[in-house]
Amino acid sequence: MAFEQEEILQITSKIESWFTKSARDFPWRNDDFPWGRLVCEFMAQQTQIDRVAQRWPIMLQRFPDAKSMAISDEQGVLELWQGLGYYRRAKNLKKTAEVLESEFGGEVPSDIESLLQLPGVGKYTAGAIASIAFEKHAPIVDANVHRVLCRLCNHAGESTPSTWTWQISESLVTSCNSPRLFNEGLMELGATVCTSRSPSCDDCPLQSCCSAYKENTQRDIPPSKKRAMKKCVYHYSVVVEHEGELAFEQRKDSGLWAGMWQVPTIDSDIKLTEAQVRKKLHLKNKLVSIGEFEHVLSHRIISFSVFSCKLARERRFFWVKQDLLHELPLASAQRKVLAVHCIA
DNA sequence: GAGGCGTGGAC
DNA sequence: TGTCCAAGCCT
């Protein structure tokens, strides 16, 4: 263990006290309840919390409890998830709502073991719900906590949450007064003070116990993540219009943008000609190029080519009136495709 | 364990 | 402008 018991009590008490007076005003902090917290944690996975704050009230208004989501269809959840990315989270949230309804009487369980059974709930999310919604002394380590704890101990090892950090987190939360205040406070400190780029050490309640601050190593801890090389691929989208309606198809249930909708599109590892795209999509009329753009993901660089095509209304497509497009679950790249069509 | 899985803000 | 990053999970 990295800390003496006395240091642990100092650290936990300083964090709880700092958070009590410095907590930002997020909508879920007005009346925290387990389902709201669970939805918040799903939306917050790999997503900056300020963006979650805009979407969370809309999601909770439509789905105020697990039952309302459990009996709805997945499309409604995906619709409200548009633009947030990592759409598997939306599908897992819907599945989790169903499990809560069928296995847990519609309530969010408070123990880690039960929480970990829920699809889309890993060690962090389970710990966050148990500690923040139920005041359980359960550890959490997200990117913020990992950074704060590594700096606190001048631990230069791992770039991402590690066994070491989880042990430190557990040793602290075990002895804290309020797991809700301590865990959320530790995250909030990392998000607002002990930031990745330029930490505001002069505003930090832990400055006097921070080993990295003493050694002036805080800007190098933790080390940057190794990021995989982005693979370049090609997507060909065709806007098919017929009497004010556009043709759409749904992407398959797994992989990129799973379950989201798109205008007829071909994904390809290699460049294709207009004729090849037309043949693969079984379109009879010539495709007219109306624009191109690049869409960058965490693991791909996608070169989009956009075409338009005149066509009779075919039943194999789902036809949507132009003024109802906002109800269709579309990833951001497809919004860009539609923007190209609007300008053209 | 390494890669798939998005997006937009910050600098 | 390009690079890094974010309240991670799953396979």
Side-chain angles (χ1 to χ4, degrees), chain A residues 19 23-24 26 28-29 32 36-56 78 81-93 95-96 115-133 139-148 158-163 165-166 169 180 183-192 194-199 219 222-231 233 235 251-260 267 294-302 329-336:
Chain A
F19 185 62
R24 289 173 290 176
F26 289 124
W28 49 86
R29 287 179 180 168
D32 214 340
R37 172 56 56 175
L38 183 146
V39 172
C40 172
E41 293 301 340
F42 269 73
M43 300 182 93
Q45 288 165 8
Q46 286 289 282
T47 302
Q48 286 174 337
I49 205 66
D50 290 324
R51 302 192 58 219
V52 176
Q54 302 167 16
R55 300 298 198 92
W56 182 88
L78 285 176
W81 209 274
Q82 287 184 79
L84 273 182
Y86 289 147
Y87 298 96
R88 189 174 54 187
R89 295 179 296 167
K91 298 161 80 70
N92 280 335
L93 177 58
K95 284 184 205 157
T96 281
L115 287 164
L116 284 174
Q117 294 173 21
L118 303 171
V121 175
K123 200 173 177 188
Y124 162 78
T125 302
I129 295 170
S131 62
I132 298 171
I140 59 169
V141 182
D142 70 333
N144 291 309
V145 173
H146 180 70
R147 185 171 55 250
V148 171
E158 310 81 13
S159 59
T160 56
S162 58
T163 304
T165 334
W166 276 97
S169 176
R180 180 178 70 80
N183 274 350
E184 211 169 6
L186 203 53
M187 282 194 290
E188 189 101 339
L189 187 72
T192 62
C194 191
T195 56
S196 180
R197 302 280 180 111
S198 52
R219 281 161 203 82
S224 296
K225 291 181 204 173
K226 298 184 275 287
R227 292 178 194 280
M229 185 78 89
K230 288 175 168 55
K231 181 181 171 185
V233 297
H235 286 197
R251 290 183 66 88
K252 55 182 184 181
D253 200 45
S254 63
L256 186 63
W257 299 317
M260 303 295 280
D267 302 2
E294 209 167 68
H295 190 76
V296 180
L297 309 179
S298 54
H299 59 308
R300 293 283 183 275
I301 298 175
I302 306 178
L330 297 178
S332 291
Q334 283 296 312
R335 294 284 170 200
K336 291 186 190 175

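The chains referred to below are lettered A, B, ... by the order of the sequence lines, with proteins before strands, and numbering in each begins at 1.
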Return the value, rounded to whole Å, for the distance between atom CD1 of A/Ile49 and atom C1' of B/dA10.
-> 17 Å

Any N or O donor-acceptor pair linking the side chain of A/Arg227 to the base of C/dC4 at under 3.5 Å?
-> no

Expected list for residues 251-260 of chain A near DNA chain B, using heavy atoms below 4.0 Å, is A/Gly255, A/Leu256, A/Trp257

Can you tell which of B/dG6, B/dG8, C/dG8 lies closest to the side chain of A/Asp142?
-> C/dG8

Considering only atom P, compute the distance from B/dA2 to C/dA7 and round it to an integer number of Å.
-> 24 Å

When you compare B/dG1 with C/dG8, how far apart are their C1' atoms, in angstrom units rounded to a whole number?
-> 16 Å

Any residue meeting side chain to side chain donor-acceptor pair (under 3.5 Å) with A/Arg300, in chain and number order, not counting sequence neighbours = none

Is any side-chain nitrogen or oxygen of A/Arg37 closer than 4.0 Å to OP1 or OP2 of C/dA7?
-> no

Does B/dG4 have OP1 or OP2 sitting under 4.0 Å from an N or O in the side chain of A/Tyr86?
-> no

Under the side chain to side chain donor-acceptor pair (under 3.5 Å) test, residues paired with A/Gln46 that sit two or more places apart = none

Hey, does A/Arg147 reach any base, or is it just sugar-phosphate, or nothing, if we go heavy atoms under 4.0 Å?
-> sugar-phosphate

Send over the distance from A/Gln46 CD to B/dG4 C1', rounded to a whole Å.
-> 12 Å

Round to a whole Å and report the spacing from CZ of A/Arg89 to P of C/dT11.
-> 16 Å

To the nearest Å, give me how far apart CH2 (A/Trp81) and C1' (B/dG6) are.
-> 12 Å

B/dG3 phosphate, OP1 or OP2: any side-chain N/O from A/Lys226 under 4.0 angstrom?
-> no

Heavy atoms under 4.0 Å, any strand shown: does A/Thr47 hit a base, just sugar-phosphate, or nothing?
-> base

note: A/Arg51, atom CZ; C/dC5, atom P; distance rounded to Å ~ 18 Å

Nearest-Å distance, CD (A/Glu41) to P (C/dG8)?
-> 9 Å

Which residues pass the ring pair (Phe, Tyr, Trp, His ring centres under 6.0 Å) test with A/Trp28, sequence neighbours left out?
-> A/Phe26, A/Trp56

According to a strict under-4.0 Å criterion, is A/Gln45 in side-chain N/O contact with OP1 or OP2 of C/dG8?
-> no

Going by atom type alone, with no hydrogens or angles, which donor-acceptor pairs under 3.5 Å involve a side-chain atom of residues 48-55 of chain A and a protein atom two or more places apart or on another chain?
from	atom 1	to	atom 2	distance (Å)
A/Arg51	NH2	A/Gly83	O	3.0
A/Arg55	NH1	A/Leu80	O	3.0
A/Arg55	NH1	A/Gln82	O	2.9
A/Arg55	NH2	A/Gln82	O	2.4

Can a side chain N or O of A/Thr125 be found less than 4.0 Å away from OP1 or OP2 on C/dA7?
-> no

Assign A/Thr160 to base, sugar-phosphate, or nothing according to its heavy-atom contacts below 4.0 angstrom with the strands shown.
-> nothing

Do the non-hydrogen side-chain atoms of A/Val233 and A/Asp267 ever get within less than 4.5 Å of each other?
-> no

Here the residues of residues 295-302 of chain A within 4.0 Å heavy-atom distance, strictly under, of DNA chain C are none

If you check the A/Arg88 side chain, which of C/dC9, B/dC11, B/dG3 turns out closest?
-> C/dC9

